[in-house]
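For clarity, every value in this text was computed on a predicted model and none was experimentally measured. Below, all heavy atoms of this structure are taken into account, side chains as well, without hydrogens, waters or symmetry copies.
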Amino acid sequence: MTRNVLVQRNTKETKITMSLNLDGTGKASLNTGIGFFDHMLDGFARHGFFDLDLAVDGDLNVDSHHTIEDTGIVLGTAIKEALGDKAGIRRYGSMILPMDETLVLCGIDLSGRPYLNFDGTFTAERLGDMDTEMAREFFYAVSYAAGMNLHIKVLDGTNNHHIMEAMFKAFAKALDQATQMDERIQGVLSTKGSL
């Protein structure tokens with residue numbers, strides 16, 4: 001079974017092409033036009049062992065909102081498509097990830113029911129050329145497009161760069177765990193019989 005998908009999304013605000021392999025090695029080729037966002041997505045790919053090729057042409061002359069939110073929509077769509085009927089996946093994943101003084105918790109349920117619980121704040125408005133408020137918007141878009149229950153909670157931390165990076169890496173590790181195949185699972189891991 002291949003879990004490698006190509007997703008394209010074109011609007012008046014963004015043109016996005018993404019290739020995602022859930023069973024990759026962590027290779028990434030990224031060009032969103034937002035350097036710090038590329039850095040976050042590189043950490044996501046590397047620590048989740050996902051191969052991610054992404055090209056975004058967004059209206060950065062306006063601001064970073066559409067580029068980041070729409071990338072989240074496309075990533076969520078790619079995750080959903082790559083998982084197919086979800087037969088044999090572990091479904092749940094979690095990680096408590098330390099990064100220096102920062103500690104971030106991420107929990108995922110690939111239930112088909114979208115929900116985001118985001119508990120984290122930043123004391124800086126921007127990191128490089130990325131607005132920090134866009135972290136929540138990105139994860140919201142991913143969770144709803146993928147149909148995943150996603151919890152991200154900052155347990156400790158003072159450095160804004162570390163907090164943001166720990167969020168993306170914790171998300172990667174939890175998603176890697178949740179998408180792993182388990183030969184003990186017959187069909188889908190649900191008492192309902194479907195996810």
Of all heavy-atom pairs linking His161 and Asn159, the shortest is N-OD1, 3.0 Å
Taking every heavy atom of Gly58 against every heavy atom of Thr67, the minimum-distance pair comes out as CA-OG1, 3.4 Å
Checklist line | Audit row: Thr121, Val154, side-chain contact (heavy atoms from CB on, under 4.5 Å) steps and yes/no | finding: CA-CA 8 Å; Thr121 57; Val154 178; over 6 Å; no
- Query: So do Arg91 and Asp109 actually touch side chain to side chain, heavy atoms under 4.5 Å?
  - Reply: yes
CG of Asn160 to CG of Leu127, rounded to nearest 0.5 Å, is 5.5 Å
Between the main-chain N or O of Thr77 and the side-chain N or O of Arg9, is there a donor-acceptor pair closer than 3.5 Å?
no
Taking atom types as modelled, is there a side-chain donor on Ser19 or Asp51 under 3.5 Å from an acceptor on the other? no
Here the gap from Tyr92 atom OH to Asn149 atom CG, rounded to the nearest 0.5 Å, amounts to 8.5 Å
Item to complete: Tell me yes or no: between the side chains of Glu137 and His65, is some donor less than 3.5 Å from an acceptor?
Response: no
To the nearest 0.5 Å, atom CE of Met130 lies from atom CG of Asp38 at 10.5 Å
When Leu41, Asp23, Asp176, Leu75 are each screened for side-chain contact (heavy atoms from CB on, under 4.5 Å) with Phe50, the one that passes is Asp176
In the single-linkage hydrophobic clustering (I, L, V, M, F, W, Y; side-chain heavy atoms under 4.5 Å), do Leu6 and Leu83 co-cluster?
-> no
Smallest heavy-atom separation, Ser29 atom then Asp53 atom, equals CB-OD1, 3.1 Å
Q. Is there a donor-acceptor pair closer than 3.5 Å between any side-chain N or O of Ser111 and the backbone N or O of Arg113?
A. yes
- Query: With a 4.5 Å heavy-atom cut-off, do Ile185 and Ile89 have their side chains touching?
  - Reply: no
With sequence neighbours left out, the residues meeting ring-ring contact (aromatic ring centres under 6.0 Å, His included) with Phe139 are Phe168, Phe171
Applying side chain to side chain donor-acceptor pair (under 3.5 Å) to Asp131 and not counting sequence neighbours gives Ser64, Arg126
hydrophobic_cluster_shared for Phe118 and Ile96, side chain cutoff 4.5 Å
no
Is a side-chain N or O of Asp129 found less than 3.5 angstrom from the main chain of Ile34, in a donor-acceptor match?
no
Interatomic distance, CE@Met18 vs CG@Leu54, rounded to 0.5 Å, equals 4.5 Å
### Task
Determine whether Val7 and Leu20 make a side-chain contact, defined as any pair of heavy atoms from C-beta on separated by less than 4.5 Å.
no
### Query
Sub-3.5 Å donor-acceptor pair from the side chain of Glu69 to the main-chain atoms of Ala141, do we have one?
no
| Under 3.5 Å, is there a donor-acceptor pair between the side chain of Ser94 and the main chain of Ala174? | no
Would you indicate whether Leu103, at its atom CG, is surrounded by more than 12 heavy atoms from other residues, nucleotides or ligands within a distance under 6.0 Å? yes
Correct closest heavy-atom pair for Met99 and His162 would be SD-O, 3.9 Å
* To do: For atom OH of Tyr144, decide whether the heavy atoms of other residues, nucleotides or ligands shown that lie under 6.0 angstrom number more than 12.
  => yes
Rounded to the nearest 0.5 angstrom, the CE-NZ distance for Met167 and Lys153 is 11.0 Å
| query | Does some side-chain heavy atom of Val188 sit less than 4.5 Å from a side-chain heavy atom of Asp85? | reply | no
query = Does Ser190 reach the main-chain N or O of Leu195 with its side chain, forming a donor-acceptor pair under 3.5 Å?
reply = no
Would you call the rings of His39 and Phe36 parallel, tilted or perpendicular, taking 30° and 60° as the class edges? perpendicular
Note to self: Test your reading of the model: is there a side-chain donor-acceptor pair from Arg3 to the backbone of Leu22, 3.5 Å cut-off?
What the structure shows: no
**Prompt:** Side-chain heavy atoms under 4.5 angstrom apart, residues restricted to Ile, Leu, Val, Met, Phe, Trp, Tyr: same cluster for Leu105 and Tyr115?
**Reply:** no
Taken to the nearest 0.5 Å, the spacing of Ile68 CD1 from Ile73 CD1 works out to 12.5 Å
- Taking the side chain as every heavy atom from C-beta outward, state whether Lys173 and Phe49 have any atom pair closer than 4.5 Å. yes
Q) In terms of heavy-atom contacts, does CD of Glu133 have more than 12 from other residues, nucleotides or ligands at under 6.0 Å? A) no
Open item on the list: Quick check: do Leu175 and Leu110 have side-chain heavy atoms less than 4.5 Å from each other?
Closed with: yes
In short, Ala172 meets Phe44 closest at the heavy-atom pair CB-O, 3.2 Å
Does the side chain of Met95 reach to within under 4.5 Å of the side chain of His47, using non-hydrogen atoms? no
Practice task
State, with a plain yes or no, whether a side-chain heavy atom of Leu116 is found less than 4.5 Å away from one of Arg136.
Solution key: yes
**Asked** Do Asp59 side-chain atoms and Val62 backbone N/O form a donor-acceptor pair below 3.5 Å?
**Response** no
Count I, L, V, M, F, W, Y as connected when their side-chain heavy atoms are under 4.5 Å apart, and connections chain through other members. Are Ile108 and Leu97 then in the same cluster?
no
Here the pair of heavy atoms bringing Asp42 nearest to Ala28 is OD1-CB, 3.7 Å
### Query
Is it the case that more than 12 heavy atoms not belonging to Arg90 sit under 6.0 Å from its CZ atom?
yes
_If you count heavy atoms of other groups shown closer than 6.0 angstrom to NZ of Lys86, is the number above 12?_
yes
Can you hop from Leu52 to Val142 via hydrophobic side chains spaced under 4.5 Å?
yes
